[in-house]
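Let me begin by presenting the structure, written as structure tokens, before commenting on it.
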Amino acid sequence: MIRAVLTTLTLALLSFASLEVPVTGAQALGKEVHTVARTTNALTFTEKKMAFDDHALDVYNEAGLKTAGLSYEVFEKAFVGYHNFKQRQLIAPSNSVLTVIDFTQASNQKRLWIIDVNTKKLLYNTLVAHGRNTGEADARQFSNEPNSFKSSIGFYLTGKTYTGKHGLSLRLNGMDPKYNSNAMQRAIVVHGADYVSENFVKQYGRLGRSLGCPAVPLEFSKAIINTIKDNSCLYINGADQNYMSSFLDNTQAVETFALSELSPVQQI
């Protein structure tokens with residue numbers, strides 16, 4: 001779909017480019033690609049935003065995220081943040097892993113998704129627990145305060161692994177002041193827990209709860225941690241109408257996408 005958008009944008013820009021009209025076949029495609037590369041800077045923000053939105057929807061559809069229960073609205077927020085992480089060089093250009101947790105869904109639902117943005121594949125979709133004082137089946141209250149035993153929403157940069165009382169665990173760096181910036185101090189980490197399982201749900205109608213950590217099923221914890229460790233983007237969505245984040249800046253995300261996804265065709 002991106003190629004279709006690029007072709008459309010190319011045709012719109014040809015009148016300004018003073019180039020020959022492309023011939024048919026492979027040569028035509030080559031000329032169109034190079035024309036787009038040369039005129040990327042001439043694209044309006046609206047045109048870049050169209051390409052960005054098209055790509056986001058493409059990833060969402062090809063990864064089957066709707067079927068897997070992730071709303072497009074929540075995915076789009078995470079996707080914008082992912083590109084802003086790249087803009088700030090928080091994650092490597094080659095890192096294509098995006099983790100989304102939606103705490104607006106009940107704990108008996110599979111509300112964690114790990115997506116490879118480049119391959120447009122859903123890597124994991126599983127259960128995840130919220131904090132003890134955040135709510136029972138539903139996550140209702142969030143906090144950044146130490147000893148609150150509540151979950152914290154917002155964007156996180158995954159860190160290094162370590163082995164603790166829960167086995168292999170993954171440190172999280174909270175990137176949103178006021179919302180999760182105390183995550184490291186609070187020891188908010190990804191870890192496995194036996195109270196995060198289908199059997200627990202069948203018995204109690206909900207998951208068990210952590211002290212604020214996004215705990216995952218023991219059977220998947222090592223694989224999940226090894227997939228998302230070492231500087232990847234993780235977004236936790238929650239029902240907090242006051243939540244604001246600089247990582248939701250749509251303008252920066254679009255411009256970063258345009259530079260990384262539209263300009264590089266020059267090298268094809």
Side-chain angles (χ1 to χ4, degrees), residues 1-2 5 45-88 90-91 96-131 134-135 137-142 150-158 172 174-176 178-180 214 216 228 232-258 261:
M1 294 180 71
I2 292 178
V5 172
F45 178 78
T46 299
E47 290 166 333
K48 294 175 185 177
K49 180 67 164 56
M50 286 174 57
F52 179 84
D53 291 344
D54 183 75
H55 182 51
L57 189 59
D58 200 26
V59 173
Y60 181 79
N61 288 333
E62 288 202 29
L65 298 178
K66 182 177 182 179
T67 302
L70 177 59
S71 76
Y72 182 75
E73 179 183 10
V74 174
F75 168 75
E76 185 179 31
K77 290 178 183 178
F79 193 70
V80 168
Y82 165 81
H83 282 283
N84 279 320
F85 268 45
K86 291 204 166 187
Q87 190 272 333
R88 301 186 194 186
L90 294 171
I91 58 178
S96 59
V97 175
L98 171 61
T99 304
V100 185
I101 295 174
D102 186 8
F103 278 155
T104 66
Q105 298 190 23
S107 68
N108 59 6
Q109 302 297 310
K110 292 182 178 181
R111 52 185 181 169
L112 179 149
W113 302 262
I114 301 175
I115 307 139
D116 188 316
V117 173
N118 285 354
T119 63
K120 304 173 188 175
K121 292 187 182 300
L122 178 60
L123 304 179
Y124 295 95
N125 175 208
T126 190
L127 300 166
V128 58
H130 57 249
T134 283
D138 299 310
R140 301 183 183 278
Q141 299 181 40
F142 304 95
K150 295 179 181 180
S151 296
S152 301
I153 59 174
F155 286 95
Y156 294 82
L157 180 68
T158 64
L172 297 176
M175 306 304 292
D176 283 324
K178 299 182 181 179
Y179 295 99
N180 62 20
V216 298
I228 70 175
S232 71
C233 178
L234 184 152
Y235 172 64
I236 298 180
N237 184 63
D240 184 340
Q241 300 299 319
N242 296 317
Y243 172 69
M244 298 176 63
S245 174
S246 62
F247 293 104
L248 293 177
D249 184 339
N250 202 277
T251 301
Q252 288 295 333
V254 169
E255 294 295 348
T256 301
F257 167 80
E261 300 295 332

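For the numbers below, each heavy atom of this structure counts, side chains included, while hydrogens, waters and symmetry mates do not. In this text, all values refer to a predicted model and were calculated from it rather than measured experimentally. Position 1 is the first residue of the sequence; numbering continues from there.
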From OH (Y156) to OG1 (T158), nearest 0.5 Å: 12.5 Å
Looking at side-chain heavy atoms only, is the closest gap between D249 and Q87 below 4.5 Å? no
Return the orientation label for the F103 and F142 ring planes: parallel under 30°, perpendicular over 60°, tilted otherwise. parallel
Any side-chain heavy atom of S245 sitting closer than 4.5 Å to one from Y179? no
Say you draw a straight line from CD of E62 to NZ of K120; how long is it, rounded to the nearest 0.5 Å? 4.5 Å
Main-chain N/O of G238 paired to T104 side chain as donor or acceptor, under 3.5 Å: no
Could you check whether any side-chain heavy atom of R140 comes within less than 4.5 Å of a side-chain heavy atom of H130, counting everything from C-beta outward? no
Side chains of L172 and P214, heavy atoms from C-beta outward: is any pair under 4.5 Å? yes
Treating N180 as the side-chain partner and I153 as the backbone partner, does any N or O pair qualify as donor plus acceptor under 3.5 Å? yes
Return the orientation label for the Y72 and Y60 ring planes: parallel under 30°, perpendicular over 60°, tilted otherwise. perpendicular
For the atom pair CG (L65) and CD1 (I115), what is the distance rounded to the nearest 0.5 Å? 4.5 Å
Minimal heavy-atom distance between S246 and N84, with the atoms involved, is O-ND2, 4.2 Å
I'd like to check E255 versus F45 (side-chain heavy atoms, cut-off strictly below 4.5 Å). Are they in contact? yes
Answer whether the closest heavy-atom distance between the side chains of F79 and H55 falls below 4.5 Å. yes
For S96 and D116, indicate whether the former's side chain and the latter's backbone hold a donor-acceptor pair under 3.5 Å. no
Are any side-chain N or O atoms of W113 and backbone N or O atoms of A68, one a donor and one an acceptor, separated by less than 3.5 Å? yes
Is there a side-chain contact between I114 and V97 (heavy atoms, below 4.5 Å)? yes
Stepwise side chain to side chain contact (heavy atoms under 4.5 Å, CB included) check, V100 with K77: CA-CA 10 Å; V100 185; K77 290 178 183 178; over 6 Å; no
Distance-only polar pair, side chains of Y243 and D176, donor-acceptor under 3.5 Å: yes
Spacing of CZ belonging to F52 relative to NE2 belonging to H83, to within rounding of 0.5 Å: 5.0 Å
Value for CG (N237) from CZ (R111), rounded to nearest 0.5 Å, stands at 11.5 Å
Main-chain N/O of L112 paired with N125 side-chain donor or acceptor, under 3.5 Å: yes
Given 3.5 Å as the limit, does a donor-acceptor pair link the side chain of S151 with the main chain of T134, or not? no
Side chain of Q109, backbone of G69: donor and acceptor closer than 3.5 Å? no
About how many Å separate OG of S232 and CG of L157, when rounded to the nearest 0.5 Å? 7.5 Å
Shortest non-hydrogen contact from G81 toward C233: C-SG, 4.3 Å
Any side-chain heavy atom of F155 within less than 4.5 Å of one from L90? no
